[in-house]
Amino acid sequence: MLSVPVLGVGVERVVSAATPATLPVDVVNNSGSNTVYAYVTGQAIDNGNALMLLEADGRTPYYPPSPSSQTPVAVDCAIPLNASGGSPRTITIPHIAGGRIWFSIGSTLAFSVNPGPALVEPSVSNPSDPNINVLWDFCEFTYDASQLYANISFVDFVALPIGLTLATSSGTQTIAGLPGDGLTTICSALATQAASDGSDWGKLIVTGNGRNIRALSPNQAMAGGTSLFSGYFDNYIDQVWSKYASSQLTIDTQYTWGTVTGQVVNGLLTFNGVGTFAKPATRDVFSCSSGPFTTGNDEMGNISARLAAAFNRTTLLIDSKQPDGEHVSDYYTAAQTNHYARIVHATATNGLGYAFPYDDVHPTGGTDLSGSVQSADPARLTVTLGGPGGSGTPGKPSA
């Protein structure tokens with residue numbers, strides 16, 4: 001899932017000269033494995049947004065034709081990285097929208113193309129996917145004529161430690177990502193939380209061949225209509241609805257709509273002159289994109305993002321002004337909260353990285369936890385696999 005900055009938050013609006021047609025990217029292998037592959041996918045902006053992958057040489061664009069039925073990608077697009085701890089492998093990316101840099105350890109990944117053409121990417125929720133037992137992960141980016149924006153994402157799952165460093169004419173931005181043993185730490189903490197509250201956190205852990213392969217987000221784990229986390233947020237949601245039946249909730253849109261005020265009337269959270277939200281269910285809170293969070297126009301979508309963030313962080317009972325005045329120390333302090341997001345942030349270096357779709361919501365001038373780098377003047381991007389200082393042996397045996 002591509003993590004897109006929320007309208008009005010985390011988006012640097014700049015006017016500048018066009019960026020170069022290509023950008024060098026140094027890919028560093030600190031994974032502890034000497035068999036690591038990278039892939040680059042996205043839409044080629046300068047070629048009509050055509051589906052594109054980089055070939056194995058790390059610089060030649062490949063444009064898959066539209067097949068009559070699902071067909072494996074016909075060209076070798078697995079970019080072999082140098083040995084762990086060695087020199088970076090430098091690749092070259094053109095202007096790309098919806099870009100991803102993928103990594104796999106130990107074996108290549110299988111990509112296919114559907115009619116369109118449309119790329120069939122590796123899946124963590126389809127047990128029959130050919131990549132299901134491979135150690136793989138990705139970071140996300142868009143490189144267009146105005147800027148480079150890149151982030152590390154835990155929205156769907158956690159697997160491999162990936163870090164970003166962006167060099168610009170005005171300095172360097174760094175998002176270090178997870179430590180080398182980040183997946184092991186997260187899986188252990190999820191198991192501990194499950195033992196503590198009897199909920200389904202331990203079921204997010206995916207193992208194979210005696211090792212942790214990944215930890216799914218609740219949203220991803222619930223894909224397909226499973227009964228995981230059934231009713232998990234019900235008590236908290238009921239308390240929120242009760243609170244705002246007799247008091248007002250203020251949302252700063254951090255955009256041209258300014259501040260809006262809502263209250264629960266006849267069971268609906270009502271923002272007069274704007275729209276209403278029905279009471280969400282647990283699935284809606286974790287997904288941020290179902291039930292009441294699918295409501296309306298741009299303004300309602302903006303409010304929806306801030307509501308969804310507050311529900312995941314469980315701050316609505318302690319702060320009636322969202323997201324103004326929010327403090328990171330108050331996030332995830334309720335008993336029923338998004339413990340996956342809490343644990344991911346507690347494990348990531350400096351707490352940074354997308355843990356749910358609207359994790360870039362933050363007070364104006366406050367802490368943005370989304371884990372992104374961004375510049376209108378990018379010179380070089382470095383993507384490091386394996387955590388700061390290296391990770392040792394990947395795929396540590398599961399506890």
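Nothing here was measured: the structure is a model prediction, and the numbers come from that model.
Applying the 6.0 Å contact sphere to CG of N297 captures more than 12 heavy atoms from other residues, nucleotides or ligands. More than 12 non-hydrogen atoms from other residues, nucleotides or ligands lie less than 6.0 angstrom from CG of D238.
Salt-bridge formation is detected for the pair K203/D200: a Lys NZ or Arg NE/NH1/NH2 atom is positioned less than 4.0 Å from an Asp or Glu carboxylate oxygen. For R89 and D26, the salt-bridge test fails: no basic side-chain N is under 4.0 Å from an acidic carboxylate O. Salt bridge status for D330 with R313: absent, with no side-chain N to carboxylate O gap under 4.0 Å.
T41 OG1 to Y39 OH: the interatomic distance, rounded to the nearest 0.5 Å, is 11.5 Å. Atom OG of S104 and atom CG of L109 lie 4.0 Å apart (nearest 0.5 Å). With rounding to the nearest 0.5 angstrom, the CG atom of N338 is 4.5 Å from the CG atom of N312. Atom CZ in F293 sits 7.0 Å away from atom SG in C288 (nearest 0.5 Å). Rounded to the nearest 0.5 angstrom, W241 CH2 and L316 CG are separated by 9.0 Å. Put simply, OG1 on T60 and CG on L54 are 8.0 Å apart, with the number rounded to the nearest 0.5 Å.
Judged by distance alone, the side chain of T192 and the main-chain N or O of S188 form a donor-acceptor pair under 3.5 Å. For S227 (side chain) and S230 (main-chain N/O), no donor-acceptor pair under 3.5 Å exists by modelled atom type. Remark: side-chain polar atoms of D252 are not paired, donor with acceptor, to backbone N or O of D324 under 3.5 angstrom.
Residues V40 and I93 meet the side-chain proximity criterion, which asks for heavy atoms closer than 4.5 Å. For the pair P218/L204, a side-chain contact is recorded, criterion being any heavy-atom separation below 4.5 Å from C-beta on. With contacts defined as side-chain heavy-atom distances shorter than 4.5 Å, the pair K321/D319 qualifies. Looking at D298 and W257, their side chains come closer than 4.5 Å, going by heavy atoms from C-beta outward. No side-chain heavy atom of S33 sits under 4.5 Å from any side-chain heavy atom of S84. Inter-residue side-chain proximity for L183 and L178 is flagged as unmet; no heavy-atom pair is nearer than 4.5 Å. Annotation: side chain of H339 is not in contact with side chain of L190 (no heavy-atom distance under 4.5 Å). A heavy-atom distance below 4.5 Å is not found between the side chains of L269 and K279.
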*Start with the C-alpha distance between F271 and Q263, add both sets of side-chain angles, then the distance that settles side chain to side chain contact (heavy atoms under 4.5 Å, CB included), and finish with yes or no.*
CA-CA 7 Å; F271 294 87; Q263 191 163 350; over 6 Å; no
*Audit row: I79, I91, side chain to side chain contact (heavy atoms under 4.5 Å, CB included) steps and yes/no*: CA-CA 9 Å; I79 304 168; I91 63 176; 4.1 Å; yes
*asked:* Between E121 and R100, is the salt bridge (charged side-chain N to carboxylate O under 4.0 Å, His left out) condition met? List the steps.
replied: CA-CA 11 Å; E121 300 174 340; R100 286 182 172 180; 3.1 Å; yes
*Give the intermediate values and the outcome of side chain to side chain donor-acceptor pair (under 3.5 Å) for residues S375 and Q147.*
CA-CA 5 Å; S375 177; Q147 67 174 341; over 6 Å; no
*asked:* Y354 vs D360, test: side chain to side chain donor-acceptor pair (under 3.5 Å). Steps then yes/no.
replied: CA-CA 7 Å; Y354 266 98; D360 61 338; 3.2 Å; yes
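Minimum heavy-atom separation, L160 to D137: N-OD2, 2.9 Å. Nearest heavy atom pair, residue L148 against residue Y143, reads CD1-CB, 3.7 Å. In plain terms, the two heavy atoms of I132 and P127 that are nearest each other are CG2-O, 3.7 Å. Here the shortest heavy-atom pairing between V134 and R214 reads O-NH2, 3.0 Å. Between V361 and A305, the shortest heavy-atom distance links the atoms CG2-O, 3.9 Å. The two residues V383 and C139 have their closest heavy-atom pair at CG1-SG, 4.0 Å.
Under 3.5 Å, the side chains of T337 and T314 contain a donor-acceptor pair of N or O atoms. For the residue pair S31 / N29, a side-chain donor-acceptor distance below 3.5 Å is found, with atom types taken as modelled. A donor and an acceptor atom, one from each side chain of D368 and S370, are located under 3.5 Å apart. Looking at T315 and E326, their side chains do bring a donor and an acceptor atom within 3.5 Å of each other. The closest side-chain donor-acceptor pair between S287 and S290 falls under 3.5 angstrom. Between the side chains of T384 and N30, no donor-acceptor pair is found at a separation under 3.5 Å. Judged purely by distance below 3.5 Å, without hydrogens or angles, the side chains of H95 and D144 never pair a donor atom with an acceptor atom. In summary, the side chains of Q248 and T261 do not present any donor paired with an acceptor at a separation below 3.5 Å, with no hydrogens or angles considered.
Taking the six-membered ring where tryptophan is involved, the planes of F286 and W201 are perpendicular, since the angle between them exceeds 60° and thus also 30°.
Under the 4.5 Å side-chain heavy-atom criterion for Ile, Leu, Val, Met, Phe, Trp and Tyr, V264 and V274 are members of the same hydrophobic cluster. Both V285 and L317 are assigned to one and the same hydrophobic cluster, defined by single-linkage of ILVMFWY side chains at heavy-atom distances under 4.5 Å.
Partner of W136 under the ring-ring contact (aromatic ring centres under 6.0 Å, His included) criterion, out of W102, F103, F111: W102 alone.
In this structure, the side-chain contact (heavy atoms from CB on, under 4.5 Å) partners of A355, at least two apart in sequence or on a different chain, are A341, V344, H345, D359.
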